[in-house]
**Student:** 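I have a structure here, written as structure tokens, and I will follow up with some questions on it.
These values consider heavy atoms only, across backbone and side chains, with no hydrogens, waters or symmetry-generated copies.
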Amino acid sequence: MLYLFCGLLGGGILAAICTPLFRREATLESAIIEETEWDLLQRKKEVILGNIQDLEFEYKCGKLSEEDYQKIRAEMNAEAAQVFQQVENLESSADLDALIRREISARKIQSKGSSQTTCPSCAAKNPVTNRFCAECGAKLKH
Ligand SMILES: [Zn+2]
């Protein structure tokens, strides 16, 4: 019964922590979807928040002393504050320069995707968008 209670409590905390984050993430991600510094920070943030959640869970279940909890929690809070600050800096600097950098890395990802493929029949190089070899007309494997 105690275990169930802790589970519910843990879930509630998780929902409370994550709900505003997801909302924020959705708006930004709909703008530009790609791997950026911002994404890295989001992952870092998720890890830290996950750690805090685990810590709270263990504390509420009596596995941690008040002293340990306060000490570890303070460290985690500092870590989280740092990441939140970095995210904020990044978002407030969402000026033209940052947008251009994002666009450039998006283009890089795209061009990586549209690389060349070798014809299985004549070994000619074809863009992966080609379904048939431009040299010999053989069907290209993707
Ligand atoms: Zn060919």
Side-chain angles (χ1 to χ4, degrees), residues 1-65 68-142:
M1 191 59 208
L2 180 69
Y3 193 76
L4 180 72
F5 173 72
C6 285
L8 288 172
L9 202 66
I13 291 164
L14 178 67
I17 291 171
C18 293
T19 308
L21 292 177
F22 284 140
R23 211 174 297 142
R24 196 170 187 184
E25 218 163 39
T27 39
L28 270 153
E29 270 188 3
S30 63
I32 301 151
I33 304 162
E34 44 146 335
E35 181 84 13
T36 58
E37 198 182 344
W38 189 83
D39 293 299
L40 291 175
L41 285 171
Q42 291 305 311
R43 265 211 291 280
K44 216 163 146 186
K45 195 163 80 177
E46 271 166 39
V47 170
I48 295 167
L49 290 175
N51 288 342
I52 290 175
Q53 192 208 344
D54 288 346
L55 183 78
E56 296 216 327
F57 180 79
E58 286 185 12
Y59 172 63
K60 296 226 161 75
C61 290
K63 289 181 193 163
L64 273 174
S65 71
D68 283 344
Y69 169 73
Q70 294 295 351
K71 194 177 148 230
I72 301 168
R73 183 61 204 263
E75 282 168 18
M76 285 179 176
N77 275 1
E79 217 178 331
Q82 211 180 356
V83 175
F84 278 121
Q85 187 59 53
Q86 283 176 295
V87 171
E88 213 152 285
N89 289 345
L90 203 67
E91 285 176 2
S92 63
S93 74
D95 51 15
L96 189 63
D97 193 48
L99 277 173
I100 287 169
R101 266 186 283 125
R102 285 180 176 204
E103 287 293 343
I104 287 170
S105 50
R107 286 173 71 95
K108 274 186 199 156
I109 289 164
Q110 271 175 14
S111 63
K112 230 184 272 169
S114 62
S115 59
Q116 292 195 313
T117 185
T118 306
C119 172
S121 174
C122 72
K125 298 275 184 205
N126 286 274
V128 287
T129 47
N130 282 16
R131 289 186 64 195
F132 298 96
C133 176
E135 288 296 319
C136 71
K139 198 171 190 304
L140 296 171
K141 284 181 193 166
H142 291 310

**Student:** Mind checking the NZ-CG spacing from Lys45 to Leu41? Nearest 0.5 Å is all I need.
**Tutor:** 8.5 Å
**Student:** How many angstroms lie between OG1 in Thr118 and NZ in Lys125, if you round to the nearest 0.5 Å?
**Tutor:** 3.5 Å
**Student:** Just verifying a value: how many Å separate Glu56 CD and Leu64 CG, rounded to the nearest 0.5 Å?
**Tutor:**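 One gets 11.0 Å once the value is rounded to the nearest 0.5 Å.
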**Student:** Show the numbers, then the answer: is there a side chain to side chain contact (heavy atoms under 4.5 Å, CB included) between Arg73 and Asn77?
**Tutor:** CA-CA 6 Å; Arg73 183 61 204 263; Asn77 275 1; 3.0 Å; yes
**Student:** Check Ala80 against Ile48 and note the closest heavy-atom contact, atom names and distance.
**Tutor:** CB-CG2, 3.7 Å
**Student:** Between NZ of Lys63 and CG of Asp68, what distance do you get to the nearest 0.5 Å?
**Tutor:** 14.5 Å
**Student:** Using the side chain to side chain contact (heavy atoms under 4.5 Å, CB included) rule, take Gln85 and Asn89 through it: C-alpha gap first, then chi angles, then the decisive distance, then the call.
**Tutor:** CA-CA 6 Å; Gln85 187 59 53; Asn89 289 345; 3.1 Å; yes
**Student:** Between Glu135 and Ala124, which heavy-atom pair has the shortest distance, and what is it?
**Tutor:**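 Closest pair (atom of Glu135, atom of Ala124, distance): CG-CB, 3.3 Å.
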**Student:** For Cys133 and Asn126, work out which heavy atoms get closest and say how close.
**Tutor:** SG-ND2, 3.5 Å
**Student:** Mind listing the closest non-hydrogen atom pair of Leu140 and Cys119 along with its distance?
**Tutor:**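 In this case the closest contact between Leu140 and Cys119 is CD2-CA, 3.6 Å.
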**Student:** Would you name the heavy atoms of Met76 and Leu55 that are closest together and state the gap between them?
**Tutor:**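 So the two residues come closest at SD-CD2, 4.0 Å.
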**Student:** Closest heavy-atom contact between Phe132 and Lys139?
**Tutor:** CD2-CA, 3.7 Å
